[in-house]
Amino acid sequence: MSASQFIEHAREFMPILLQGAVVTVEVTLLSFVFSTVLGLVLALTRLSPIRALAWGGGAVINLIRGLPIIVQLFYIYFVLPDIGIQLTAFQAGVIGLGIAYSPYQAENFRAGIEAVDPGQREAALAMGMGPALIMRRVILPQAFRIALPPYGNTLVMMLKDSSLVSTITVAEMTRAGQLIASSTFQNMTVYTLVALLYLVLSLPLVAGLKKLESHLRKGARRP
């Protein structure tokens with residue numbers, strides 16, 4: 001294929017792929033927020049002094065991590081309707097991806113929380129702060145700074161794994177590419193464009209996360 005043909009096909013296919021890219025970003029961001037909230041809950045459960053809660057949190061984390069993401073997506077989209085829970089493909093994709101990544105978020109937060117100097121908790125208790133306030137005002141801000149590198153990596157991984165929701169017919173970028181390729185047979189052009197779009201989305205994200213990490217690290221060193 002000549003360069004002129006590639007450019008001609010790219011102009012034809014790009015509007016559809018860009019629509020899919022918008023859906024990809026939406027799925028990624030919503031799943032990331034959901035996984036963050038659920039992961040934080042699981043992390044706090046794991047760290048609970050109540051043994052039953054800690055054991056239950058660990059069991060949930062191990063259960064989710066032991067299942068392939070695609071199986072979780074299939075279960076949510078195809079099985080839950082059998083018990084009366086109807087979800088759109090988009091909703092199932094967001095929930096499935098968010099649940100699948102929540103254990104990794106939980107481990108990121110747990111490691112960050114445990115890395116905070118215990119003396120700061122003791123000092124806050126001596127000042128009369130309650131456990132909830134200590135967690136919110138003292139522990140979590142520092143834990144977030146510590147957990148930022150793996151937390152940011154999780155976002156990049158979710159952006160790439162958002163392609164899996166195409167298996168339940170979500171019209172994101174990979175699904176759009178599949179539909180174009182199946183109707184035009186321009187596989188090389190289509191999947192080259194899809195790969196380039198993923199790079200366009202992920203590389204600035206990686207650079208931004210590194211800059212934010214560097215900024216937080218400098219802030220932590222200031223007296």
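Checked by atom type, the side-chain pair Y198/T174 shows a donor-acceptor distance below 3.5 Å.
A donor-acceptor pair under 3.5 Å links the side-chain atoms of Q72 to the main chain of L67, judged by distance alone. In this structure, the side chain of T24 engages the main chain of M173 through a donor-acceptor pair within 3.5 Å. Looking at S31, its side chain never comes within 3.5 Å of a backbone N or O of T28 through a donor-acceptor pair. Of the possible polar contacts, one joining the Q142 side chain to the V138 backbone as a donor-acceptor pair under 3.5 Å is found.
Rounding to the nearest 0.5 angstrom, the gap separating the CD1 atom in I95 from the CG atom in L30 is 10.5 Å. Remark: L44 CG to I113 CD1 distance equals 5.0 Å, nearest 0.5 Å. With rounding to the nearest 0.5 Å, the separation of CE in M14 from CD1 in I7 is 11.0 Å. Here the CG atom belonging to L38 is positioned 6.0 Å from the CD1 atom belonging to I64, to the nearest 0.5 angstrom. To the nearest 0.5 angstrom, T167 atom OG1 is 10.0 Å from I69 atom CD1. Expressed to the nearest 0.5 Å, how far CZ of F13 lies from CG of L193 amounts to 8.0 Å.
Closest heavy-atom contact between S102 and L42: OG-CD1, 3.9 Å. Heavy atoms only, all atoms of each residue included: V165 and G93 are closest at CG1-CA, 3.7 Å. Taking both residues in full, the closest heavy atoms of S35 and Q105 are given as OG-NE2, 3.2 Å, listed atom of the first, atom of the second, then distance. Counting all heavy atoms, side chain and backbone alike, L53 lies closest to S48 at CD1-OG, 3.7 Å. Considering every non-hydrogen atom in both G112 and I146, the closest pair reads O-CD1, 3.8 Å. Taking every heavy atom of both residues into account, P103 and I61 meet most closely at CB-CG2, 3.7 Å.
Surrounding OH of Y75 are at most 12 heavy atoms belonging to other residues, nucleotides or ligands under 6.0 Å away.
V23 and Y77 fall within a single hydrophobic cluster, where Ile, Leu, Val, Met, Phe, Trp and Tyr side chains are chained together by heavy-atom contacts under 4.5 Å. Clustering ILVMFWY residues whenever any of their side-chain heavy atoms sit less than 4.5 angstrom apart, transitively, puts V71 in the very cluster that holds V27. Y101 and L87 end up in different hydrophobic clusters when Ile, Leu, Val, Met, Phe, Trp and Tyr side chains are linked at under 4.5 Å.
Every residue two or more places apart in sequence or in another chain was checked for a salt bridge (charged side-chain N to carboxylate O under 4.0 Å, His left out) with R175, and none qualifies.
A centroid separation of less than 6.0 Å is found between the aromatic rings of F109 and Y151.
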